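Heads up: the structure comes next, in structure tokens.
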Number of protein chains: 2
Amino acid sequence: MVEEGTRRRGAALEADILDATWAELMAVGYARLTMEGVAARARTGKQVLYRRWRNRADLVIAAIRHHSGAIADRVPDTGSLRGDVLAVLRLMAERQRELGPDVVHGLMAEAGDRKSEAVEIMHGVMTTVLERAAERGEVPTADLPERIVTLPADLLRHEIVLSDRLVTEATLEEIVDDVFLPLVTGHG
Amino acid sequence: MVEEGTRRRGAALEADILDATWAELMAVGYARLTMEGVAARARTGKQVLYRRWRNRADLVIAAIRHHSGAIADRVPDTGSLRGDVLAVLRLMAERQRELGPDVVHGLMAEAGDRKSEAVEIMHGVMTTVLERAAERGEVPTADLPERIVTLPADLLRHEIVLSDRLVTEATLEEIVDDVFLPLVTGHG
DNA sequence: CTCCATTAGAGACGCACCGTCTCTTAAAAT
DNA sequence: ATTTTAAGAGACGGTGCGTCTCTAATGGAG
């Protein structure tokens, strides 16, 4: 809460705006989120938003990061490859569940250049997971084709964004047990 | 071409509008395609468009279908599973190349309910392909988990829509040789 | 402690396009 | 020949964009 007559600045203002953006996102979804709506909720002017972010997509991406932090900062380490991959997929699915499908879909359209960021981040995470598995001797080598490294994340992302099916724990297990593990264990 | 003072109707008018939509799509892309622009190019009024299609997405989907026909109507039959799957993926990739990435991305956002149509269509196509392969004895059974049936199409769709990488023939071969074939031949 | 450069807050502005509506008149139906 | 349908054209109110302008609060420099 902010006093009458005070004026926020810099990082404090930025945090308030990102909180307001998140609240607006939860309230009206991405399609009907407007810069004017965010500005009103944050009790500031549109100019203040445009001074920091070029457009809706950038603002919303920043708000999501602000709210839930980066996936890359918490790479799971459960002790088994299967557990690690499932945990990674659960993180992705949880985030999507919180956002809701229309936010995810809407963002994809306007994301433009930033679309491939997610792919690259997950490649890094999966590389770490696979290297640990190789050290434990669970897989012959961590030096797998890129396509296979990112396979679980790619499939889940496809499921979330491009199919309208609900993502359940069973979905994650299918991806890991029917597709990923058979490929990496029989690869030498 | 249309004479001065004549007035098109019914199917002929509809075909002209869909041609105009396609031309507009190629000229300005999806993001900047407007109902007003299409109406102007087709030399008709907006009302005529709204009488037939509820929104941009529906109109553009109809125009794409009108221009290139349905993939489901030409299921490849090359004599081998590998050849068939590659041919299916080539059809998908060709269509995407013609449309360009921004059209594909833009459509996804507004497609809403019609998004899963593509997934279902490709499931049907792949089922046919796999049944033929089972008859030839190339695979033990065509009765595979749904996730594996649609795997190649899903991966390619992910590549097209969610990564910004260029899709080449090598990409298609990776999907088929590194991922799909190892899974289906070693299954049963 | 005072002055100054910065920028927050507020809203007006022109613009583009949406989707609806009206009106006239050509083309088909009977 | 008359009636019904719907094409062609554009006006309309509405919404939100992104820009611009103005003022006054704020934090830093001296």
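Note that the coordinates shown come from a computational prediction; the quantities given were computed from them, not determined experimentally. To find a chain, count down the sequence lines: A is the first, B the second, and so on, and within it residues start at 1.
A salt bridge between Glu159(A) and Arg147(B) is present, with a side-chain N of the basic residue lying under 4.0 Å from a carboxylate O of the acidic one. Between Glu14(B) and Arg51(B) there is no salt bridge, since no side-chain nitrogen of the basic residue lies less than 4.0 Å from a carboxylate oxygen of the acidic one. Checked for salt-bridge contact, Glu146(B) and Arg165(A) meet the test: a charged N lies under 4.0 Å from a carboxylate O. Contact check on Arg90(A) versus Glu169(A) returns a salt bridge, with a Lys/Arg side-chain nitrogen under 4.0 Å from an Asp/Glu carboxylate oxygen.
Among the nucleotides dC17(D), dT20(C), dA7(D), the one closest to the side chain of Val48(B) is dA7(D). Residue Lys46(B) has its side chain nearest to dG19(C) when only dA25(D), dC21(C), dG19(C) are considered. The nucleotide whose nearest atom lies closest to any side-chain atom of Gln47(B) is, among dC21(C), dA7(D), dT23(D), dC21(C). If you check dT26(D), dG8(D), dA10(C) against the side chain of Arg7(B), the one that comes closest is dG8(D). For Thr6(B), the listed nucleotide lying nearest its side chain is dA27(C); candidates were dG19(C), dA27(C), dT26(D).
If you measure from atom CG of Leu59(B) to atom C1' of dC18(C), you get 14 Å, rounded to the nearest angstrom. Atom P of nucleotide dG8(D) and atom CG of Asp16(B) are separated by 9 Å, given to the nearest angstrom. When the C1' atom of dC17(C) is taken as reference, atom CD of Glu110(B) falls 12 Å away, rounded to whole Å. Between the P atom of dA6(D) and the CD1 atom of Ile17(B) lies a distance of 14 Å, rounded to the nearest Å. To the nearest angstrom, C1' of dG9(C) lies 15 Å from CD of Glu36(A). Between Arg43(A) atom CZ and dA10(C) atom P there is a gap of 8 Å when expressed in whole angstrom units. The nearest whole Å value for the distance from the CZ atom in Arg41(B) to the C1' atom in dG8(D) is 19 Å.
Where Leu13(A) and Arg9(A) meet DNA chain C, the nucleotide closest to each residue was compared, and Arg9(A) sits on the side nearer the 5' end. Heavy-atom distances to DNA chain C give each of Tyr50(B) and Gly45(A) a nearest nucleotide, and the one nearer the 5′ end belongs to Gly45(A).
Contact annotation: Thr44(A) side-chain N/O to dA8(C) OP1/OP2 distance is not under 4.0 Å. Contact annotation: Arg8(B) side-chain N/O to dA7(D) OP1/OP2 distance is not under 4.0 Å. The side chain of Arg52(A) places an N or O atom within less than 4.0 Å of a non-bridging phosphate oxygen (OP1 or OP2) of dA8(C). Regarding contacts with the backbone of dA8(C), a side-chain N or O of Arg51(A) is found under 4.0 angstrom from either OP1 or OP2.
Between atom CG of residue Leu162(B) and atom CG of residue Leu162(A) there is a gap of 5.0 Å, rounded to the nearest 0.5 Å.
The side-chain heavy atoms of Met35(B) and Leu59(B), taken from C-beta on, include a pair separated by under 4.5 Å.
Near DNA chain C, meaning a heavy atom under 4.0 Å away, the residues from residues 22-35 of chain B are Thr34(B), Met35(B).
For Asp102(B), the CG atom counts as densely surrounded, since its 6.0 Å shell holds more than 12 non-hydrogen atoms of other residues, nucleotides or ligands.
At a cut-off of 3.5 Å, with distance as the only test, no side-chain donor of Asp19(B) or His67(B) sits close to an acceptor on the other residue.
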